[in-house]
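In each ligand, atom 1 is the first atom listed, and ligand 1 is the first ligand listed.
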Amino acid sequence: VSSESSSRAITLDLKNFVMTPATRKREVRLSELKDYFSDPEAADKILSSGRDPVVYEYYEYVVEESAGHLSLGLTIIYPGKVGKEYFMTRGHFHLKPAAEFYYGIRGRGMLLIQSEDGRVEYVELRPGVIGYVPPGWGHRTINTGRAMFVFFFAYPSDAGHDYGIVKEKGFAKIVIEEKGRPKVVDNPKYTSSTI
Ligand SMILES: [Fe+2]
């Protein structure tokens, strides 16, 4: 088997949640994400106890960051909360109007999407469900369960990522646990100007 043909077959190990090959593997810990949560003091409390848990990790396979290609990936969000807010990804907008999809593999979670003028929609993701992000909409995924939340994603390789706008203004809605269940509520820190 030539290396060329093997890199055209991407394998998802659905037992250990590993994607092979991958051009990038990354772990994102709470210390890196704390300002994205609505209650950074709750994050500080966890961190000051000496813990810095991995909130999520992902594998990505990028053939080439050029128009026409697709980038593929596998994300694992661990179960946990910061205050009432569930563990989640940072979230981003694409620099170009490029769509993306998320295919739920394990556990349960939510895909939160937000239009440039601040409209928010969400999709409950569970194994076998595909969540679709239309071009131009920001997106974040949240683990609303008590086990690992795992999903596969794909998007155009030249989409680009804008994380800054999310860091600055956040999403208009957050997902919290209330009476043991996930609830989508207004983000108290969200600035109402268009994102
Ligand atoms: Fe994306």
query = So, T11 and T20: side-chain donor and acceptor under 3.5 Å apart, yes or no?
reply =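 Absent: no donor and acceptor within the cut-off.
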request  = With sequence neighbours excluded, tell me which residues meet ring pair (Phe, Tyr, Trp, His ring centres under 6.0 Å) with F152.
outcome  =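 Counting only residues at least two positions away or on another chain, F152 forms no ring pair (Phe, Tyr, Trp, His ring centres under 6.0 Å).
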ask   = Hey, does F93 have a side-chain heavy atom less than 4.5 Å from the side chain of V166?
value =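 Answer yes - side chains close enough.
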ask   = Do any protein N, O or S atoms sit under 2.8 Å from the Fe ion (ligand 1), and which ones are they?
value =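 N, O, S partners closer than 2.8 Å: H92 NE2, H94 NE2, E100 OE1, H139 NE2.
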task = Any pair with a residue in residues 69-89 that passes salt bridge (charged side-chain N to carboxylate O under 4.0 Å, His left out), sequence neighbours left out, goes on the list, sorted by first then second residue, please.
result =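 Checked against salt bridge (charged side-chain N to carboxylate O under 4.0 Å, His left out) - neighbours excluded - the pairs reaching residues 69-89 are K81-E177.
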key: Pairs touching residues 118-144 that satisfy salt bridge (charged side-chain N to carboxylate O under 4.0 Å, His left out), sequence neighbours left out   =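 Qualifying pairs: D117-R119.
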request  = Apply the ring-ring contact (aromatic ring centres under 6.0 Å, His included) test between F151 and each candidate in Y102, F101, Y58; give the one that qualifies.
outcome  =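 Answer after filtering Y102, F101, Y58: Y102.
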